[in-house]
Amino acid sequence: MPLLDNCAVVVVDALRATTTMAKILEAGAKGVLPVADVEKAFSMRAENPELLLGGERQNRPLPGFDAGNSPFDYPETMVQNRLVVLSTTNGTQAVQRVERARWVALGSLVNARACAEAQRRASDQGLVVCAGTEGQLALEDVLAAGAIVSYWPQEFRTDSAHLACALYNRWQDDLIQGIRLASHAKTLIDQGLEQDVDFAASLNIYSRVPIRQSTGWFAYL
Ligand code: MLT
């Protein structure tokens with residue numbers, strides 16, 4: 001990614017990490033820190049027992065953590081004014097892979113318009129990084145990326161941005177059906193997590209964007 005240094009990067013893991021991190025801040029948390037590995041999360045809490053730990057492996061909450069990776073795991077009563085460290089299989093790893101970028105935000109369908117607007121304020125070069133699943137393209141991420149780039153001017157869109165936009169345009173009037181086509185959505189539904197899938201299809205319910213601070217934590221400005 002040669003342009004990474006100058007780009008305003010939005011990382012997307014629509015099911016479910018970036019949707020859940022947006023929800024965590026929306027519920028009043030002071031900050032959320034995506035970490036790639038579970039041991040790091042535990043060692044951070046050993047230093048600061050006030051930290052909440054969340055995340056998943058195989059989509060299930062991790063033993064010893066306070067919550068999983070469902071947006072419904074983080075009610076206001078739990079996260080208000082707290083700091084949350086989240087470790088997930090793909091999404092938090094994708095955030096780590098773009099750590100060199102000057103500006104990084106967390107995007108999804110829930111905050112697509114706000115992401116595009118914040119990105120354009122931050123730089124004239126925007127990049128959307130889709131986390132995917134285990135190294136494979138994930139339909140739900142392309143769908144959310146398409147929603148974000150649909151708010152970019154046409155002339156700024158690369159071929160991949162046009163493709164993502166075409167997928168979004170196809171499903172924008174029925175995002176629940178669109179997101180349910182994704183294989184990861186089917187897995188989550190099989191595991192009883194249907195409401196997480198449907199929640200992730202809620203377009204623009206949030207008007208703020210989690211943006212990485214100089215500390216590495218993501219917060220609302
Ligand atoms: C991930 O980061 O791989 C996902 O958010 C998985 C999930 O919990 O659905």
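Numbers for residues simply follow the sequence, beginning at 1. Ligands are counted one by one from 1 in listed order, and the atoms in each one are counted from 1 as well. Note that these values count all heavy atoms, side chains included, but never hydrogens, waters or copies made by symmetry.
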The option among Thr19, Asn69, Thr88 carrying the non-hydrogen atom nearest to atom 5 (O) of ligand 1 is Asn69
Among non-hydrogen protein atoms, atom 6 (C) of ligand 1 lies closest to Glu56 OE2, 3.5 Å
Note: ligand 1 atoms sitting under 4.0 Å from heavy atoms of His184 are 6 (C), 7 (C), 9 (O)
Within 4.0 Å of some non-hydrogen atom of Asp13, the atoms of ligand 1 are 1 (C), 2 (O), 3 (O), 4 (C), 5 (O)
Notebook entry, point to check: Less than 3.5 Å between some nitrogen or oxygen of Gly91 and one of ligand 1, yes or no?
Noted result: yes
Q.
Taking the side chain as everything from C-beta on, heavy atoms only, tell me whether Gln119 gets closer than 4.5 Å to Ile148.
A. yes
Nearest heavy-atom approach of Pro210 to Asn111 is CD-ND2, 3.6 Å
Next on the checklist: Counting neighbours of CG on Asn48 that are heavy atoms of other residues, nucleotides or ligands and sit closer than 6.0 Å, is the number greater than 12?
Outcome noted: yes
Between the side chains of Arg57 and Ser87, is a donor N or O closer than 3.5 angstrom to an acceptor N or O?
-> yes
Rounded to the nearest 0.5 angstrom, the NZ-CD distance for Lys40 and Gln96 is 7.0 Å
Please determine whether any non-hydrogen atom of Gln93 lies less than 4.0 Å from an atom of ligand 1.
no
Query raised in the report: Do Thr18 and Asp13 have side-chain atoms, one donor and one acceptor, less than 3.5 Å apart?
Result: no
Note: ligand 1 atoms sitting under 4.0 Å from heavy atoms of Asn59 are 6 (C), 7 (C), 8 (O), 9 (O)
Per-atom filter on ligand 1: closer than 4.0 angstrom to a heavy atom of Ala17 are 2 (O), 5 (O)
Honestly, for Arg16 the part within reach of ligand 1 (heavy atoms, under 4.0 Å) is both
Would a single hydrophobic cluster contain both Leu106 and Leu4, if residues Ile, Leu, Val, Met, Phe, Trp and Tyr are joined by side-chain heavy-atom contacts under 4.5 Å? yes
